[in-house]
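Note sheet for the following structure.
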Amino acid sequence: MSAIVTRIAPSPTGSMHIGTARTALFNWLYARGRGGKFLLRVEDTDKERSTPEATTAIFKGLEWLGLDFDDEPVFQASRAERHIEIATQLLASGHAYKCFSTQDEISQFRDAARAEGRSTLYQSPWRDIDHSAHPDEAYVIRIKSPNEGHTIIKDQVQRDVKIRNDQLDDMVLLRSDGSPVYMLAVVVDDYDMGITHVIRGDDHLNNAARQMLIYRAMNWPIPVYAHLPLILGPDGKKLSKRHGATGVEEYQLMGYPASGMRNYLARLGWSHGDDEFFSDEQAKDWFHLDAIGKSAARFDFKKLENLCGQHISQTQDAALLHETLEYKRIKDDEDSAHKLSKRLLPALYCIKQRAKTYGELIEKANFILIDRPIKIDEKAKINLSEDAISMLNTLTPQLHNVSWSREELEALGKFVAEKFDKNFGKLAGPLRAALAGQTVTPSVFDMMLILGRDETIARLADVNAKGSN
RNA sequence: GGCCCGUUCGUCUAUCGGUUAGGACGCCAGGUUUUCAACCUGGAAAGACGAGUUCGAUUCUCGUACGGGCUGCCA
């Protein structure tokens, strides 16, 4: 069995779409799970719409998602000569012909066809005209598609799709300015790159039949096809800006971990029994083309967040720190990332269980990131009644006398609360306010352990001092 | 208009002719609890519609409806 080669072939127009990311992921999973290669080809043949920024976005998007590709990326535009060479061969072998029809003639044809209810596929009068009758004018090269029979696309997702050949038009291969058209370029590039499996969006399903015409004419082996259903917005309409984020970099900026994105995207349109939360290794192991669903899937942020939360909580502290700093660097700057790097690590163990994004993680670590004297917000202040402060006053000096362990701190906390005839809950609120200045934080004991004895006592002393004033 | 594809709880999905139609997210109720979260228990919730094939259809076939794609000298 020959090695598997897959590819992702995005066009660099705008940001990297989340659908492209999923297609890339599927290709990557398939190749990586089978010892194959995963290649990148940038389809930049549309000079009007292609931009260098968009190309950068593709590289960055793939890098962030951890979808590493093999070999050097291929830029389609740079291969124009090769595409022209093939078009010329097709012309010579009689599989293609020169068409001198003008744009006006074509649109007139189509208007008339539509008015009469006929097929609007253009039927060029030049298809069977002898060379000697060719005028000395601009022409395009069209493929000569068969008018009879049918083409069967053996698709791994959609199963066999039968299309009548008379539904296939004589598509343009080379424009009148001599530049190759996408439909030709993909086929030539896929062939030259040795692509064995074409896994791409559903929107290309019909195109596959057209492209097979070129494979056949060139006598090239047809790759295995797998056309993925599209990703829809939460309302079932095509995912667009109006639904919020469509570009992968936006998800990166929202603080979702790449591992969670991969997990969610893999699960969107593909399944492995009841497995919901899984690692890359498992996904590579399990991924099969025939387990891909046939219908379009809606994007669900809630599920994405849930999965991301699970991934964050399962990530080792050191790796999580690294990822969070990377996020902070992109979101803000090197300085704020640096500041984070010095304090975040010891707090991770207790906050990673409760964060769905890196942003939430940082937010929940706030107590360790702030410096004395800490600012106490309005809600937290409500907890600092006179009674509360006298409780804190009782507690504070005793903190010198316990070993700094969770057990002893808990025992002390209960003891002090009981002295005031209260349950610990009544002490926890004020303690939280004094230590973090907020009402929503990790457990007060975790905060004390992380802050350390000196800082804890100092923060409490700040409040005690204020209270006694 | 023509051709092609799709349709199971709100969402992602399992099921590959016989199931009390399963799981996950979300939602609701209860529990745990020092806040939030997490966690635990329970609950509501689905085969688009209509025919046909069959002893039996969510599963196979056809039609209808709805959604999507293609129909470019865009990709």
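Small disclaimer: the values here were computed from a predicted structure and weren't measured. A, B, ... follow the sequence lines: proteins, then strands. Residue 1 opens every chain.
- Distances were taken from every side-chain heavy atom of A/Asn306 (C-beta onward) to each of B/A75, B/C4, B/G26; the shortest belongs to B/G26.
- The closest side-chain donor-acceptor pair between A/His227 and A/Asp155 falls under 3.5 angstrom.
- For A/Arg354 against B/C36, a side-chain-to-base donor-acceptor contact under 3.5 Å is present.
- Using modelled atom types, one finds no donor on one side chain facing an acceptor on the other under 3.5 Å when comparing A/Asp104 with A/Thr102.
- Residue A/Ser179 is classed as having no contact, given no heavy-atom separation below 4.0 Å to the nucleic acid.
- Across all strands shown, B/A24 pairs with B/U11; the Watson-Crick or G-U wobble distances both stay below 3.5 Å.
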Please tabulate the protein-to-nucleotide N/O contacts below 3.5 Å involving nucleotides 68-71 of chain B, giving atom names and distances.
from  : atom 1 : to       : atom 2 : distance (Å)
B/G69 : O2'    : A/Asp203 : O      : 3.4
B/G69 : N2     : A/Asn206 : ND2    : 3.1
B/C70 : O2'    : A/Arg210 : NH2    : 2.6

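- Here A/Ser101 lies in heavy-atom contact (under 4.0 Å) with a base.
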Could you pull out all donor-acceptor pairs under 3.5 Å where a side-chain atom in residues 268-276 of chain A meets a protein atom, sequence neighbours excluded?
from     : atom 1 : to       : atom 2 : distance (Å)
A/His272 : ND1    : A/Asp275 : OD2    : 2.8
A/Glu276 : OE1    : A/Arg267 : NE     : 3.3
A/Glu276 : OE1    : A/Lys303 : NZ     : 3.1
A/Glu276 : OE2    : A/Arg267 : NH2    : 3.3

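- The side chain of A/Val181 lies closest to B/A75 when the candidates are B/A75, B/C36, B/G26.
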I'd like a list of close polar pairs between nucleotides 8-16 of chain B and the protein, N/O only, cut-off under 3.5 Å.
from  : atom 1 : to       : atom 2 : distance (Å)
B/C12 : OP1    : A/Arg298 : N      : 3.0
B/C12 : O2'    : A/Arg267 : O      : 3.1
B/U13 : OP1    : A/Gly269 : N      : 2.7
B/U13 : O3'    : A/Ser271 : OG     : 3.2
B/U13 : O2'    : A/Arg267 : NH2    : 3.2
B/A14 : OP1    : A/Ser271 : OG     : 3.2

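- Residues of residues 355-364 of chain A that place a heavy atom closer than 4.0 Å to RNA chain B, in numerical order, are A/Lys356.
- Look at A/Ser176 and you won't find any side-chain N or O under 4.0 angstrom from OP1 or OP2 of B/C73.
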Just the atom pairs and distances: protein N or O near nucleotides 27-34 of chain B's N or O, under 3.5 Å.
from  : atom 1 : to       : atom 2 : distance (Å)
B/U34 : O2'    : A/Arg432 : NH1    : 3.4
B/U34 : O2     : A/Arg432 : NH2    : 2.5
B/U34 : O4     : A/Ser443 : OG     : 3.2

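- Using C1' as the reference atom, B/U20 and B/C62 are 32 Å apart when rounded to the nearest Å.
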Considering only nitrogen or oxygen atoms on both sides, find all protein atoms under 3.5 Å from nucleotides 60-62 of chain B and state each distance.
none

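- Nearest-nucleotide mapping onto RNA chain B: of A/Cys99 and A/Val161, the residue sitting toward the 5' end is A/Val161.
- Salt-bridge annotation for A/Lys352 and A/Asp317: present, with a side-chain N of the basic residue lying under 4.0 Å from a carboxylate O of the acidic one.
- Residue contacts for A/Val140: at a heavy-atom cut-off of 4.0 Å it reaches a base atom on one of the strands shown.
- A side-chain donor from one of A/His83 and A/Asp189 sits under 3.5 Å from a side-chain acceptor of the other.
- At a threshold of 4.0 angstrom between heavy atoms, the contacts of A/Gln438 with the nucleic acid are absent.
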